[in-house]
Amino acid sequence: MSEHILVERSGAVQVIRLNRAEKKNAITRAMYARMTAALAEAEEDPAIRCHVFLGVPGAFSAGNDLSDFLAVSTGEASDTGEVFEFLPTLAGCRKPVVSGADGISVGIGTTLHLHCDLTFATPETVFRTPFVDLGLVPEAASSLLMPHILGHQRAFALLGLGEGLSAQEALAKGLIYRVVAAQELEEAVFGAARTLAEKPPEALRITRSLLRGNRAEVSARLKEEAEHFRERLRSQEARDAFTAFMNRKKPK
Ligand code: COA
């Protein structure tokens, strides 16, 4: 539903705001489609010089909507292609991307930031990628980018063990740029985005491209992960995990 993604413009900055607080910003197929379109439009619009991703207080995102995954798993839906269109669009952005996370940042709520240039997080933020616990495999080229940033063992603790990473630890390891108080998050994100938007755009574009290195490897990994991911989505392991989440009893 379009109200779950708010696309706003502030000068030369386009903000994509995940806005489904009641579901901790779990991302549905329609939300991915809206984000993909917004990114693609802003990439083509010379008036926009920087992308921003934000969530709501307490939740950047609880990851992919698990009822969408369950529907694919049971055969009720044929595919969840929107996420696999969103990821290459994000990874292929030529303009800088700044993000701000407060609180819950699970699955793509963590891996999305691997494609950002500056990520701000609050002390309450915990990054988690429990793909294996869901019977799934990493996405967003996280199997390539996370070990590159964190080293194999810390990346494996996140992607294999499903351990969380606090904002402070993420900062120390270079996964994010800064930790700021929750009430300062938006100001910090917009400050950085506006500063980037004022830079000479072509020099910034080339600099970013040089820093990000060989993108062919990232594209290839996105495809390789997507093949495994799609196959695992239909596995019994995944179906059991999605069903367990949907049927879980909340503590009273
Ligand atoms: N997909 C679908 N719905 C989700 C969701 C997701 N990924 N994450 C949260 N929700 C829903 C919950 O079902 C609940 O809905 P309800 O109020 O109709 O029952 C609502 O959002 C609030 O979530 P809740 O679990 O009550 O909040 P919490 O603060 O206790 O826990 C999480 C938050 C993120 C720790 C927990 O919801 C969770 O583990 N979610 C799944 C995360 C995940 O595995 N994501 C997929 C990664 S690929």
Side-chain angles (χ1 to χ4, degrees), residues 1 3-5 18-35 53 55-74 76-77 79-87 90 99 101-115 121-143 145-146 155-167 170 175 182 222 225-235 237-252:
M1 297 257 258
E3 75 267 20
H4 292 151
I5 294 291
L18 291 92
N19 185 44
R20 196 185 178 209
E22 70 284 7
K23 296 286 183 186
K24 310 284 173 177
N25 277 348
I27 309 177
T28 60
R29 298 174 62 174
M31 290 165 72
Y32 284 117
R34 182 72 190 100
M35 293 196 292
F53 280 96
V56 294
F60 179 73
S61 174
N64 204 104
D65 188 295
L66 290 176
S67 56
D68 278 359
F69 275 174
L70 182 62
V72 175
S73 199
T74 57
E76 200 183 307
D79 197 12
T80 172
E82 293 82 355
V83 62
F84 298 112
E85 281 165 29
F86 172 69
L87 291 172
L90 173 66
S99 58
D102 177 39
I104 295 165
S105 299
V106 186
I108 197 164
T110 288
T111 59
L112 181 149
H113 305 294
L114 297 170
H115 299 277
T122 67
E124 292 73 34
T125 307
V126 178
F127 298 97
R128 284 184 56 227
T129 48
F131 298 116
V132 169
D133 293 332
L134 292 166
L136 296 172
V137 295
E139 38 74 311
S142 54
S143 63
L145 299 172
M146 270 211 194
F156 191 78
L158 260 106
L159 293 168
L161 271 183
E163 244 181 30
L165 194 71
S166 70
L175 194 72
L222 282 173
E225 287 175 348
E227 276 173 30
H228 288 296
F229 201 99
R230 284 183 147 121
E231 182 262 326
R232 286 291 88 199
L233 262 182
R234 292 167 176 81
S235 68
E237 289 176 351
R239 194 153 47 249
D240 290 348
F242 304 151
T243 307
F245 177 75
M246 291 305 164
N247 296 336
R248 80 202 193 288
K249 299 257 182 305
K250 286 196 189 174
K252 297 225 163 100

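Each ligand, and each atom within it, is numbered from 1 in the order the structure gives.
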(request) With rounding to the nearest 0.5 Å, note down the distance linking OG1 in T129 to CD in E139. (result)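 Going from the OG1 atom of T129 to the CD atom of E139 covers 9.0 Å.
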(message) Rounded to the nearest 0.5 Å, what separates atom CG in L70 from atom CZ in F245?
(response) 11.0 Å
(message) I'd like the name of whichever of A26, A62, G63 reaches closest to atom 45 (N) of ligand 1 through any heavy atom.
(response)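 When every heavy atom of A26, A62, G63 is considered, A62 comes closest to atom 45 (N) of ligand 1.
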(request) Would you tell me which option among N64, V106, D65, V83 has the nearest heavy-atom contact to atom 7 (N) of ligand 1? (result) N64
Give the numbers and elements of all ligand 1 atoms closer than 4.0 Å to a heavy atom of [X].
{"X": "L134", "result": "44 (O), 46 (C), 47 (C), 48 (S)"}
{"X": "E22", "result": "20 (C), 21 (O), 22 (C)"}
{"X": "I104", "result": "33 (C), 34 (C)"}

(request) Evaluate the ring planes of F131 and F229, with Trp represented by its six-membered ring, and classify them as parallel (under 30°), tilted (30 to 60°) or perpendicular (over 60°). (result) perpendicular
(message) Using 30° and 60° as the class boundaries, would you call the ring planes of F60 and H113 parallel, tilted or perpendicular?
(response) tilted
(request) Consider every N or O of S67 and every N or O of ligand 1, then say whether any pair is closer than 3.5 Å. (result) no
(request) Compute the shortest N/O to N/O distance between R248 and ligand 1 and return yes if it is under 3.5 Å, no if not. (result)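 Yes: some nitrogen or oxygen of R248 is under 3.5 Å from one in ligand 1.
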(request) Over all heavy atoms of both residues, which pair between L159 and S142 is shortest? Give the atoms and the distance, please. (result) CD1-O, 3.7 Å
(request) Kindly say whether F69 contributes a backbone atom to a donor-acceptor pair with the side chain of S73 at under 3.5 angstrom? (result) no
